[in-house]
Every structure is written in structure tokens, then in C-alpha cells.
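Below, each value reflects all heavy atoms present in this structure, side chains not excepted, and no hydrogens, waters or symmetry copies.
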Amino acid sequence: MSDIHQVFTPSQPLEQGARYGILSGFEPGTRTLAAGFQIAPPFKPLPVEIVFEKDVAVTLRDGVTIHVDLFRPAGAERVPVIVAWSPYGKGQGTSASVMGIFGMVGLDNGVVSGLAKFEGPDPAYWCAQGYAICNPDIRGVVDSEGDSVLWDRQEGRDCYDLIEWLGVQDWCTGKVGMSGTSYLAVSQWFTAAEQPPHLAAINPWEGVSDVYRDLVMRGGLPDTGFAEQLQNNSFRGKGRREDILAEAEQCPLMNELWENKIPQFEKIDVPAYVVASYSNTLHTAGTFRAWRRMASEDKWLRVHNSQEWPDYYDAENTEDLRRFFDRFLKDEDNGWEQTPRVRYSLLDLQGGDEVNVPADQFPPADVTPVKYYLDGLSRGMATAGPAVGATADYAVGANPGQVSFVTRFDQKTVLVGYPKAHLWVEAEGADDMDLFLLIQKLDAYGTPLQAFTVPNHNARVHDVTEHGASILRYKGADGRLRVSMRHLDEKLSTEDVPAHSFDRVEKLSPGEIVDVEIDLLPVGLTFRPGEQLRLVVSSRSLLGTMMPGNREYTTPHGGRHIVHTGGDRASYLQLPVMPA
């Protein structure tokens with residue numbers, strides 16, 4: 001790993017406070033938790049007796065010692081183990097911060113035992129099913145040695161070492177799996193790419209797969225509000241932590257630092273059960289990208305219709321995951337291979353969602369990309385391009401500061417797959433432009449349709465999602481691009497999903513009109529006859545921040561944005577249409 005561009009800053013110790021849980025203190029030793037044990041009143045009692053080994057030391061290949069908590073069923077039986085790898089303290093499950101997140105989304109804290117790592121598998125359930133759970137404090141976190149890194153191939157090597165240590169323990173069958181959402185999903189891409197021999201299956205449940213493109217510079221825009229929250233509120237420890245914000249400022253173009261933060265997908269050949277959604281503006285693009293590019297022949301995808309935490313801890317989904325792990329960690333002949341390779345959802349946004357729709361691939365094989373051409377005069381979209389050229393424009397920072405185009409469907413229309421926009425654009429009075437795009441579903445009367453992704457629908461959630469907290473309320477598929485970063489990466493781009501190289505800056509000259517391709521998040525949307533689709537183009541984020549309290553991005557570029565349509569500059573929105 002090159003450290004030419006890496007920047008580190010002193011970390012902060014994990015101390016008593018919002019992120020400190022009942023088990024956060026350093027207390028090495030082994031104890032037995034009896035069936036019925038309850039760590040605190042809000043949490044689920046244990047259904048079985050569990051052996052709890054706390055703060056076990058594991059030495060990595062470079063001599064750094066990390067500490068892990070192990071939960072395994074009592075008795076002499078050897079069991080497989082599931083790893084939950086993240087920088088969130090392994091004892092944080094009972095902390096006020098985790099309980100507060102559950103409360104924010106409307107999850108009862110009683111769905112877990114409090115022994116689970118945040119966003120990870122619950123020992124109460126998995127030990128009862130004949131599995132062990134390993135919760136590590138990774139390099140540089142809490143009492144583990146070293147300096148922490150953020151989503152890096154170093155994590156893959158570290159987790160490789162932990163998996164190989166686990167695989168030869170006298171209580172382990174030699175089979176190790178990984179599971180978890182968000183950070184715990186991302187770490188699985190990096191680990192699986194290292195191909196540890198004892199790793200038998202992974203379960204990435206929504207997570208970025210390219211730190212540059214998904215976290216700090218999506219579309220080439222330095223929108224680092226969530227990265228700031230992640231960096232400053234996690235990685236608590238006694239050493240140093242990587243300063244991703246300083247790195248993004250010093251290295252705004254793709255380079256060796258950012259390449260090191262992309263997993264080697266072509267080396268991921270382990271069985272994988274991947275879970276995704278259309279609605280997570282942090283995770284969606286990365287999860288689908290990893291699904292497309294990973295080499296494993298034994299891979300399954302489920303696209304749900306809610307938000308990662310309610311979906312992960314749903315009892316039916318947990319049972320579904322158990323069948324996967326039973327097949328690949330216990331070698332049970334349980335018919336898992338008959339599970340459709342893809343199960344996707346179709347959002348109705350009016351209470352009529354369809355889930356677990358089976359397919360052999362994503363998008364389904366019968367989906368056809370259809371171009372809807374923009375018309376600057378009528379502000380409509382149609383499958384036939386307007387013969388006459390026209391423009392639509394807006395002033396940056398003005399009201400409304402956007403232009404939109406609408407099409408109405410005469411018959412039921414289903415969209416499943418990857419939308420993209422091909423636009424001819426011009427900046428008047430500026431040498432660059434930040435473009436934000438949004439696809440909205442409108443009802444027959446033109447009213448935008450939205451849906452909460454979490455069970456909580458109270459007034460506070462309304463407030464924070466009105467303009468922001470986009471992972472909690474789905475308003476449509478978005479995309480973004482800084483036009484000077486428009487150069488396409490020919491190796492990564494496909495007909496459906498354009499990918500930009502982000503290795504050069506091509507400023508605009510006065511009067512220059514350029515064409516750009518912009519990927520939007522994948523969709524699964526159903527339109528009834530009379531319902532409409534609206535494409536919005538703006539210079540500002542149309543969804544706001546990813547999470548409540550994040551710093552919102554504002555463009556540094558002014559001027560007037562001009563979208564050219566029709567004639568020899570036929571801008572269009574390409575939609576993945578399923579046959580009627």
C-alpha cells in the first residue's frame with residue numbers, strides 16, 4: 001500500500017458518553033451468559049447459553065495487536081463464525097448513540113440483545129442457530145493498536161489475518177463468514193478480494209464500493225458532509241486516524257490513494273448474498289457496482305424497498321440469510337441454490353410496492369433502454385426527438401434555479417434498471433458547472449410522490465427529511481456531475497452506466513457547448529396510466545444531505561446554466577423499460 005498521499009490526525013479515546021456501551025470497558029476474560037440473560041431492560045434476553053470471550057488479543061501480520069469479542073454457543077460442538085468488521089466500538093450496541101439511531105428510524109431496541117455490533121449480526125440469534133459471532137475493534141480503534149484507516153485495502157489484509165486466526169481455533173469448524181450493513185458491508189469487499197482460505201461466504205448488506213466516487217467526490221463534487229460525520233464520530237482510539245477530509249482537499253483527482261480505496265472486484269470469488277436498495281444515496285451506487293463487477297459465480301442479489309437497518313433486523317430476512325449461511329458455512333443441502341439469483345422490488349410510492357420479484361439478472365433480461373428526448377420549448381419528453389433545437393436555462397442561485405421536463409405514460413409502465421442522462425450543456429458567465437439531476441414520479445395530477453423508507457413517520461422525521469436525510473425518505477433517483485470532470489472511463493463505462501475517470505479537469509470556454517453523460521441511481525418504479533415522470537436539472541442538491549445534521553454542499557460556480565435540446569444537440573434521458 002502506498003502512503004504517499006495519506007494524512008493522519010490524532011484520534012480521540014473512547015470515553016464515557018453517548019458512544020460508550022455497557023461492554024465498552026477493557027476487561028479480558030471468559031464468562032458464560034445464561035439463557036435468559038438480559039444485558040439491560042430494553043434489550044432481548046438470550047435464548048441460549050453463550051460463552052463470551054472478551055477482549056481477546058489477535059496479532060496481525062505486521063505485529064499490531066487488535067482485540068475481539070467472541071460469542072459462541074456453550075458446549076463442545078465446533079461451529080462456524082461470522083465476523084462483523086467496522087470501526088464502531090465492539091461494545092457500542094447498548095450505547096445511547098445506537099439506541100438513538102434505532103429510535104430515529106422507528107426500530108424497537110428489543111429486536112436485538114445489545115450484544116450486537118452496530119449494524120452487525122446479533123449473537124442472541126446466531127448462537128442459537130449454531131454459529132459464533134466475532135466483533136473486532138479494528139486497527140487503531142478503542143484499545144487496539146495502530147493507526148486506523150478508512151475503507152482501504154489495509155483493512156482487507158487485517159481482516160484476512162483475523163479470519164485465518166479464527167479458522168484454526170479449536171471451537172471453529174474452519175468456516176468463516178462475514179455479515180453486516182454499511183461499513184460492515186464495505187469491509188467485506190476488501191476482505192474477500194484478499195481471498196483468505198477460511199472465508200467461505202459473505203453478506204454485504206448495502207455499502208459503498210469506491211470511496212472517491214461514493215463518499216467524498218461523487219460526480220467529481222467535493223461533497224464531504226457525511227465523510228466528516230463518519231471520520232469525526234468514529235475511529236475512537238489511542239493512536240491516529242486517517243484524515244479523509246484533508247486527503248480529499250489535497251487530492252481532488254483520482255490517484256493511487258483513491259485507487260487503493262477501491263476493492264479488487266475481479267478477485268472476489270467467494271459465495272455472496274448481496275442486499276441493496278434504490279433509496280440509499282450513500283450506498284446504492286456502490287452496492288450495485290460491486291454486484292456487477294465481483295467475479296463470484298455464486299452470487300445472489302436482493303433489492304428491498306425500505307432502509308438497511310429495518311431490513312437487516314427483520315425476522316424473515318434474518319431467516320433467509322441463515323439459509324444462505326447454512327448452505328455455505330455448514331454445507332447443508334437445503335436447496336438454497338434454487339433461490340432466484342436476483343429478487344428485486346418495484347416501488348409504487350402509494351402503498352402498492354412489489355417485493356422479491358424473481359429474475360436471473362439485474363436488470364431483467366427483457367428490459368430495454370429507451371431514450372426520452374428533452375424538448376426545451378414544451379418542457380416535455382418523448383421517444384421521438386424534436387426536430388427544432390431549443391434551450392432551457394436557469395440562473396445559479398436564483399429562484400427557481402432549475403429546469404425540468406415531464407412525460408406522461410398512457411399505459412402501465414415499469415422501469416427496472418439503470419437510468420442515465422445525456423445532456424448538451426453550456427455555462428454562461430462561468431467556466432464550470434455543477435449539475436444535479438433527479439427523476440421524480442408524479443401522480444396523474446402532477447403531485448410528486450415520495451415514501452419514507454423507515455417505520456418512523458413522526459413530525460421530527462418529516463422535519464429532517466424535508467430537505468435532507470435522504471436515506472430516510474425516497475424522493476426519486478438522483479445523479480450529479482461537475483462538468484469539468486466529464487471525461488468517461490472507457491474501461492469502466494457500459495451502455496447503461498457511464499463511469500467517469502476523474503483524472504483530469506476540462507474547463508469550459510466561453511460559448512462552448514459540451515455533451516455529458518450522467519449516471520442516476522438504479523430504479524424499480526411502476527407507473528399507472530396517466531402517471532408522470534419528471535426529470536429535474538439544477539445547480540444545487542435536490543435531496544439535501546444524506547443524514548440529519550450533515551453539512552450541505554453548495555456550488556462555487558455561478559452564471560447561467562443552459563440545457564440544449566433537439567436538432568443536432570438532442571439531449572435525452574435513457575430509461576430501463578420493461579415490456580408491457
Side-chain angles (χ1 to χ4, degrees), residues 1-9 85-88 119 138-141 147-159 180-194 204 206-235 241-268 276 280-294 471 480-482 485 489 492 499-503 519 521 546-547 550-551 553:
M1 179 184 70
S2 169
D3 61 357
I4 296 173
H5 301 289
Q6 278 191 296
V7 179
F8 289 90
T9 189
W85 185 277
S86 77
Y88 312 132
E119 302 184 320
I138 68 176
R139 177 187 296 264
V141 168
D147 298 331
S148 59
V149 294
L150 193 157
W151 286 330
D152 191 295
R153 292 183 191 171
Q154 175 68 54
E155 289 194 285
R157 292 189 289 272
D158 288 353
C159 195
T181 83
S182 192
Y183 203 107
L184 288 81
V186 185
S187 60
Q188 295 178 58
W189 313 126
F190 287 105
T191 302
E194 296 294 324
E206 294 201 47
V208 310
S209 62
D210 184 321
V211 171
Y212 184 97
R213 291 178 172 88
D214 296 340
L215 179 67
V216 293
M217 296 287 287
R218 183 183 172 198
L221 281 67
D223 182 2
T224 56
F226 182 78
E228 181 179 34
Q229 175 180 314
L230 177 63
Q231 173 179 299
N232 294 344
N233 293 339
S234 305
F235 304 96
R241 63 185 175 193
E242 187 175 9
D243 190 339
I244 197 83
L245 302 177
E247 292 169 353
E249 186 174 354
Q250 293 180 19
C251 305
L253 298 179
M254 179 62 69
N255 65 2
E256 189 177 1
L257 167 74
W258 303 117
E259 292 286 353
N260 192 57
K261 294 181 178 296
I262 304 172
Q264 295 173 290
F265 301 109
E266 69 279 3
K267 294 184 178 180
I268 301 176
N280 193 309
T281 48
L282 173 63
H283 295 153
T284 296
T287 310
F288 279 91
R289 179 191 304 115
W291 157 258
R292 292 193 305 271
R293 294 180 59 188
M294 64 192 301
I471 71 168
R480 57 175 66 180
L481 180 69
R482 176 164 283 182
M485 305 280 255
D489 187 318
L492 296 181
H500 302 89
S501 63
F502 298 119
D503 60 355
D519 59 306
L521 296 185
M546 292 178 184
M547 287 292 288
N550 286 172
R551 170 175 43 83
Y553 175 81

Report summary line: Between A276 and F288 the two heavy atoms that sit nearest each other are CB-CE1, 3.7 Å
Report summary line: Minimal heavy-atom distance between Q231 and R241, with the atoms involved, is O-NH1, 3.2 Å
Query raised in the report: Is there a donor-acceptor pair closer than 3.5 Å between any side-chain N or O of R551 and the backbone N or O of F226?
Result: no
Requested in this report: Look at the side chain of Q188 and the backbone N and O of L184, then say whether any donor-acceptor pair between them is shorter than 3.5 Å.
Outcome: yes
Query raised in the report: Do R157 side-chain atoms and T191 backbone N/O form a donor-acceptor pair below 3.5 Å?
Result: no
Requested in this report: Nearest 0.5 Å please: distance from the CG atom of N280 over to the CE atom of M546.
Outcome: 8.0 Å
Requested in this report: Working to the nearest 0.5 Å, report the span between CZ of F502 and CG of L253.
Outcome: 10.5 Å
Query raised in the report: If only atom types and distance count, is the side chain of Y88 paired as donor or acceptor with the main-chain N or O of Y183 below 3.5 Å?
Result: no
Query raised in the report: Is E242 reaching over with its side chain to a backbone N or O of F8, donor-acceptor style, under 3.5 angstrom?
Result: no
Requested in this report: State whether E266 and R293 are salt-bridged, where the test is any N-O pair (Lys NZ or Arg NE/NH1/NH2 against Asp/Glu carboxylate O) under 4.0 Å.
Outcome: no
Report task. Using side chain to side chain donor-acceptor pair (under 3.5 Å) as the criterion, list what pairs up with D158, not counting sequence neighbours. Result -> R139, Q154
**Report entry** Closest non-hydrogen atom pair between V186 and V208, with its separation
**Finding:** CG2-O, 3.3 Å
Requested in this report: Could you tell me which residues satisfy side chain to side chain donor-acceptor pair (under 3.5 Å) with N255, sequence neighbours excluded, listed by chain and number?
Outcome: none
Requested in this report: Classify the side-chain pair E155/W85 by whether it contains a donor and acceptor separated by less than 3.5 Å.
Outcome: yes
Query raised in the report: Any side-chain heavy atom of M217 within less than 4.5 Å of one from V211?
Result: no
Requested in this report: Would you please test M254 and H500 for side-chain contact (heavy atoms from CB on, under 4.5 Å) and show each step?
Outcome: CA-CA 10 Å; M254 179 62 69; H500 302 89; over 6 Å; no
**Report entry** Spacing of T181 atom OG1 and E119 atom CD [to the nearest 0.5 Å]
**Finding:** 3.5 Å
Query raised in the report: Will you find, in the side chains of Q6 and E247, an N or O donor that is under 3.5 Å from an N or O acceptor?
Result: no
Report task. Taking all heavy atoms of S86 and all of I138, pick out the closest pair and write down the distance. Result -> O-CG2, 3.4 Å
**Report entry** Minimum heavy-atom distance between M294 and W189, given as atom pair plus value
**Finding:** SD-CZ3, 4.2 Å
Query raised in the report: Counting only N and O atoms by type, is there a donor-acceptor contact under 3.5 Å from the side chain of T287 to the main-chain atoms of G207?
Result: yes
Report task. Kindly assign one of parallel, tilted or perpendicular to the pair W258 and Y212, based on the angle between their ring planes and the thresholds 30° and 60°. Result -> perpendicular
Requested in this report: Please confirm whether the backbone N or O of Q229 pairs with a side-chain atom of N232, one donor and one acceptor, at under 3.5 Å?
Outcome: no
Requested in this report: Let me know which of I262, L215, I244 forms a side-chain contact (heavy atoms from CB on, under 4.5 Å) with W151.
Outcome: L215
Requested in this report: Please report the shortest heavy-atom distance between T281 and R218, naming the atom on each side.
Outcome: O-NH1, 3.9 Å
Requested in this report: Hey, could you give me the CG/CG distance between L150 and L230, rounded to the nearest 0.5 Å?
Outcome: 5.0 Å
Report task. Mark yes or no for whether K261, through its side chain, and E256, through its backbone, hold a donor-acceptor pair below 3.5 Å. Result -> no
Requested in this report: Output all residues satisfying side chain to side chain donor-acceptor pair (under 3.5 Å) with R289, sequence neighbours left out; order by chain, then residue number.
Outcome: S209, D214
